[in-house]
Each structure stands twice: as structure tokens, then as C-alpha cells.
Amino acid sequence: MDLLTFIGLGDTYMPLIAICVFLFLWKRIHKQEYVLFVYTVLSAVLFGISNILGFMSLRNLPIYHIASLAELVIVTYYIARLLTQKSFSQLFLIISITYFICWVCNIIFLQPLHVFNGNTSVLACLIILFLCMYYLLTLSNKEEILYFQKLPSFWIVSGFLMYSALSLLVFISYGYINELPSGLMSNQIWTINSIAVIIKYVLMCAGLLCYRQSSRQRKASFQSVLLL
């Protein structure tokens with residue numbers, strides 16, 4: 001297995017690593033992160049199946065349609081909950097319903113299931129990118145910014161922001177480059193997306209590990225109180 005193939009499989013093994021981190025810290029993480037566990041499991045399953053179909057030279061493009069919808073809904077739910085402190089906010093419902101309508105129309109009129117869904121992938125990246133930037137902007141106006149490196153949500157949202165920014169460029173150009181006679185350039189472009197996936201999960205795991213650090217700090221504080 002060459003390096004590019006290994007990087008390309010990051011959409012399968014990186015969610016599995018994140019799942020292991022989730023299970024290791026399950027009793028310590030807040031309930032608001034549970035939706036990300038669903039996200040990682042779903043990603044591992046969908047892209048695992050996609051890679052298997054790809055190795056078998058079978059069509060896997062319908063999976064990308066499903067994955068873009070699932071990612072938009074789950075990530076929007078997570079960030080909207082951080083912003084509004086509500087389980088189901090109007091922000092989440094408006095974005096999800098609007099995107100779903102665009103997703104269905106794109107399949108019917110523009111990019112059916114056997115075609116790469118560049119339109120809805122670009123739209124999902126744009127929405128997630130703006131939500132991430134808005135959350136970090138609101139965080140900068142709070143006292144929590146003084147210890148941002150200890151906030152799980154800061155690392156997790158930063159991961160989605162970097163992934164969306166890099167993948168946005170990939171999805172915009174991929175459809176056009178893929179039409180060229182040689183598929184070499186499209187494979188190179190897609191490697192950028194694979195690297196973005198790895199960065200996303202690395203930062204997600206870094207955010208989850210903040211719970212372990214905070215737990216240790218609470219334990220140390222409790223022991224110091226006992227000594228006093």
C-alpha cells in the first residue's frame with residue numbers, strides 16, 4: 001500500500017480512532033458531544049463501505065450523497081446547540097430543512113445518485129464553514145476565550161472549520177478536473193480532501209482529550225483540599 005492510498009483511507013480509519021477515544025472517555029465527556037459519536041460511527045460505516053466498493057470497482061457515488069446530508073445535519077445540530085444552548089433550535093431546523101430541499105432537488109434535476117454530488121458538497125461545506133466561524137467569533141467575546149485551549153468545543157469546531165475550508169476548494173475544482181482525460185490530477189486534488197479529513201479527526205480527538213485533562217485537574221484540586 002503506497003502513501004497516497006493510506007492517506008485516502010483516512011476517512012475510514014480516522015473515525016475508528018475517534019470512536020476508540022470516545023469509548024475511552026465515555027464517562028467523562030459531556031452529553032453534547034454524544035452526537036459526534038454518532039457522526040464518527042456513521043462516517044466509519046459509510047466510508048468503509050465506499051472504500052470497499054471502490055476497491056471492487058463498483059459505484060460508490062450514492063454514498064457521498066448520503067454522507068453529505070448526514071454530515072450537514074449532524075454538524076449543524078452540534079454547532080447550533082453550542083450557539084443556542086437548545087437541543088432543537090430554529091437555526092438548526094431552518095438550515096437542515098433548506099439543505100434537505102436543495103439536496104433532493106439536486107439529485108432530481110442536476111446530479112443524480114450515479115454522479116458526484118459537487119453542488120450539495122460545496123453547499124454543505126459553506127454552511128458548516130460559516131457556522132464554525134460564527135461560533136469562534138462568539139467565543140472570542142466570552143470569558144472562556146481566556147482558556148480556549150482547554151475547551152473541547154474549540155478544538156472540535158476548529159477541526160470542522162479547517163476540513164470545510166480545504167474540502168470546499170476540492171469540491172469546487174474536483175468536478176471540472178475529473179472531466180479531463182487523465183484522472184491523475186483529480187486523484188491528487190482528492191488527496192487534499194483526505195488530508196483535511198485526517199486533520200478534522202485529529203483535532204476532534206484533541207478536543208475529547210481535554211476532558212481527560214480537566215478530570216485530572218479536578219482530582220488534583222480535590223487532593224490539595226484534603227491535604228489542607
Side-chain angles (χ1 to χ4, degrees), residues 1-79 81-82 96 99-100 103 113 116-117 120-121 124-125 127-129 131-132 152-153 155-168 170-171 174 187 190-212:
M1 180 184 297
D2 58 24
L3 179 60
L4 291 181
T5 302
F6 178 76
I7 293 175
L9 294 175
D11 55 10
T12 301
Y13 62 75
M14 288 304 299
L16 292 175
I17 294 174
I19 290 171
C20 293
V21 176
F22 265 107
L23 295 177
F24 178 68
L25 299 171
W26 191 258
K27 294 182 179 180
R28 299 176 184 177
I29 63 176
H30 292 169
K31 291 183 178 180
Q32 68 181 15
E33 322 303 353
Y34 288 175
V35 67
L36 295 179
F37 179 74
V38 177
Y39 173 82
T40 55
V41 171
L42 190 60
S43 295
V45 172
L46 287 177
F47 291 110
I49 295 173
S50 174
N51 288 325
I52 292 173
L53 292 176
F55 284 128
M56 298 174 63
S57 298
L58 298 175
R59 289 190 177 274
N60 57 2
L61 292 177
I63 293 178
Y64 286 92
H65 286 267
I66 299 171
S68 64
L69 175 62
E71 181 168 58
L72 185 281
V73 172
I74 295 176
V75 176
T76 298
Y77 174 83
Y78 175 73
I79 300 177
R81 187 171 182 178
L82 291 175
S96 298
Y99 180 82
F100 179 75
W103 182 80
L113 293 176
F116 178 71
N117 60 322
T120 48
S121 294
C125 284
I127 293 172
I128 294 173
L129 182 64
L131 284 175
C132 290
S153 59
W155 295 103
I156 294 170
V157 172
S158 295
F160 282 116
L161 186 148
M162 295 186 67
Y163 166 77
S164 299
L166 291 173
S167 295
L168 178 62
V170 173
F171 295 146
Y174 183 77
N187 291 335
W190 193 256
T191 300
I192 299 175
N193 179 71
S194 301
I195 294 173
V197 170
I198 294 174
I199 293 173
K200 173 177 65 176
Y201 283 104
V202 167
L203 292 179
M204 182 186 295
C205 290
L208 294 174
L209 289 173
C210 289
Y211 285 110
R212 185 182 184 187

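Count residues from 1 along the sequence. The structure presented is a predicted model; accordingly, all values stated were derived computationally and were not measured.
- Considering only heavy atoms from C-beta on, Ile156 comes within 4.5 Å of Tyr78 through its side chain.
- The nearest pair of heavy atoms linking Ala18 to Cys205 is CA-SG, 3.8 Å.
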Evaluate side-chain hydrogen bond (donor to acceptor under 3.5 Å, both in side chains) for Tyr201 paired with Ser43, printing each intermediate quantity in order. CA-CA 11 Å; Tyr201 283 104; Ser43 295; 3.3 Å; yes
With side chain to side chain contact (heavy atoms under 4.5 Å, CB included) as the criterion, how do Phe116 and Ser121 come out once you've worked through the C-alpha distance, each side chain's angles and the decisive distance to 0.1 Å? CA-CA 9 Å; Phe116 178 71; Ser121 294; 4.2 Å; yes
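- Closest of all the heavy-atom pairs between Met14 and Val202 is CE-CG2, 3.8 Å.
- Nearest approach of Leu82 to Ser153, heavy atoms of both residues: CD1-CB, 3.9 Å.
- Considering only heavy atoms from C-beta on, Leu42 stays 4.5 Å or farther from Glu71 through its side chain.
- Looking at Leu36 and Phe22, their side chains come closer than 4.5 Å, going by heavy atoms from C-beta outward.
- Expressed to the nearest 0.5 Å, how far CD1 of Ile79 lies from CD1 of Ile127 amounts to 11.0 Å.
- Gly8 and Ser194 get closest at one heavy-atom pair: CA-OG, 3.6 Å.
- The distance from atom CG of Leu208 to atom CG of Leu25, rounded to the nearest 0.5 Å, is 6.5 Å.
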Are Asp11 and Asn193 close enough, and set up right, to give a side-chain hydrogen bond (donor to acceptor under 3.5 Å, both in side chains), and what steps lead you there? CA-CA 10 Å; Asp11 55 10; Asn193 179 71; over 6 Å; no
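- Each of Val197, Ile199, Ile128 was scored for a side chain to side chain contact (heavy atoms under 4.5 Å, CB included) with Tyr163, with one residue passing: Val197.
- Atoms CG and OG1, from Leu69 and Thr120 in turn, are 8.5 Å apart once rounded to the nearest 0.5 Å.
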Derivation and outcome, side chain to side chain contact (heavy atoms under 4.5 Å, CB included), residues Ile198 and Tyr13: CA-CA 9 Å; Ile198 294 174; Tyr13 62 75; 3.8 Å; yes
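- Taking the side chain as every heavy atom from C-beta outward, Val35 and Arg81 never approach each other to under 4.5 Å.
- Rounding to the nearest 0.5 angstrom, the gap separating the CG atom in Asn117 from the NE2 atom in His65 is 4.5 Å.
- Asn60 places none of its side-chain heavy atoms less than 4.5 Å from the side chain of Ile49.
- Residues Leu166 and Ile195 fail the side-chain proximity criterion, which asks for heavy atoms closer than 4.5 Å.
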Evaluate Ile63 against Leu53 for side chain to side chain contact (heavy atoms under 4.5 Å, CB included), listing each step before the verdict. CA-CA 10 Å; Ile63 293 178; Leu53 292 176; 3.9 Å; yes
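- Note: Tyr39 and Phe160 meet the aromatic proximity criterion, with ring centroids under 6.0 Å apart.
- Interatomic distance, CG of Leu9 versus OG of Ser50, reported as 10.0 Å (0.5 Å rounding).
- Within the 4.5 Å cutoff, the side chain of Phe47 has no heavy atoms near those of the Pro15 side chain.
- Atom CZ in Arg28 sits 10.0 Å away from atom CG in Leu209 (nearest 0.5 Å).
- Using cut-offs of 30° and 60° on the angle between ring planes, the pair Tyr34 and Trp26 is parallel.
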